[in-house]
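What you see below is based on every heavy atom in this structure, not just the backbone, and it leaves out hydrogens, waters and symmetry mates. Model, not experiment: these values are computed from the prediction.
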Amino acid sequence: GINAEYMGIKMKPAAKPSKAAPKAKPKTSAKPKSTHKVSSAKPKAVASVIHPSRPELITVSGPALDPTTPPQVGVTSEILITIGEGAGQGPLNVGVECEMTPKPLEVKDNGNGTMSVLFVPRCNGPHEFELTWGTAEIPGSPFICEVVGDVFRDPSLVIVDWDALKNAKVKKAIHFNVSTPEAAGPGPLQVDATGPEEPEIELSTIGTGRFSVTIKFSKPGGYDIGVYWGDYDHPVNGSPHHLVVE
């Protein structure tokens, strides 16, 4: 039989467009397309190699890929791998790209010539599963399933370094960091600003669940900085933050 095991999960960053607030143009970052909106590496399920592999003899099906039975947030779903005669022994590699990596994500050897990729989605939207058998992609990969259901977000767990916004000066960039623990749920991070003139806003990912925000003001005056987790209905603690630019 095929002995399967799986490795740990990380996340791969991806960009998400943002919407502008009155008088300002926000920019937002990182869809942990995926772990967190922010770093997503691909989880791997690996089986030992014994013979040359022929991925064209692998068939992929299962309820997760059936549009009539879409996966739901928080509910275990399955992709079924049928190993045809002469396909070899793999290994089977499973990579997933999405806003927040499913947890758990595992591969099960069913002992009857099939393997199951079992996963519990933590966010809705498209999940792309890259499946390889041996060193080659299985025909049809990546397989995309659309996860439905409501996600849980807790913006109160997001930490913003508001103190870094003190002493803001015209035409001098200021930087502050935002930390988003996994328990806060999927992002993305959204930032906007309102004031006398539209400032420049840039977001960058500096680690898993960690962002750096850069703002540069072109005119002095009072500004309100808004920080949101997931969407504009989920402001974080202290948002909007008022500051005076000199």
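- Checked by atom type, the side-chain pair S141/E130 shows no donor-acceptor distance below 3.5 Å.
- Under a 3.5 Å cut-off, the side chain of H242 and the backbone N or O of P240 do not form any donor-acceptor pair.
- Interatomic distance, D161 CG to H175 NE2, rounded to the nearest 0.5 Å: 12.5 Å.
- Taking the six-membered ring for Trp, W162 and H241 have ring centres closer than 6.0 Å.
- No chain of hydrophobic side-chain contacts below 4.5 Å, direct or via other Ile, Leu, Val, Met, Phe, Trp or Tyr residues, connects L57 to I81.
- No donor-acceptor pair closer than 3.5 Å links the side chain of S77 to the backbone N or O of P71.
- Looking at every heavy atom in both residues, D231 comes nearest to R153 through OD2-NH1, 4.1 Å.
- Within a 6.0 Å radius of NZ in K172, other residues, nucleotides and ligands contribute 12 heavy atoms or fewer.
- Between E197 and K219, at least one side-chain nitrogen of the basic residue sits less than 4.0 Å from a carboxylate oxygen of the acidic one, meeting the salt-bridge criterion.
- If you check the side chains of S156 and N237, you find no donor sitting under 3.5 Å from an acceptor.
- At distances below 3.5 Å, not a single donor-acceptor pair connects side-chain atoms of R122 with backbone N or O atoms of G185.
- The aromatic rings of Y232 and Y228 lie tilted to each other, with the angle between the two planes from 30° to 60°.
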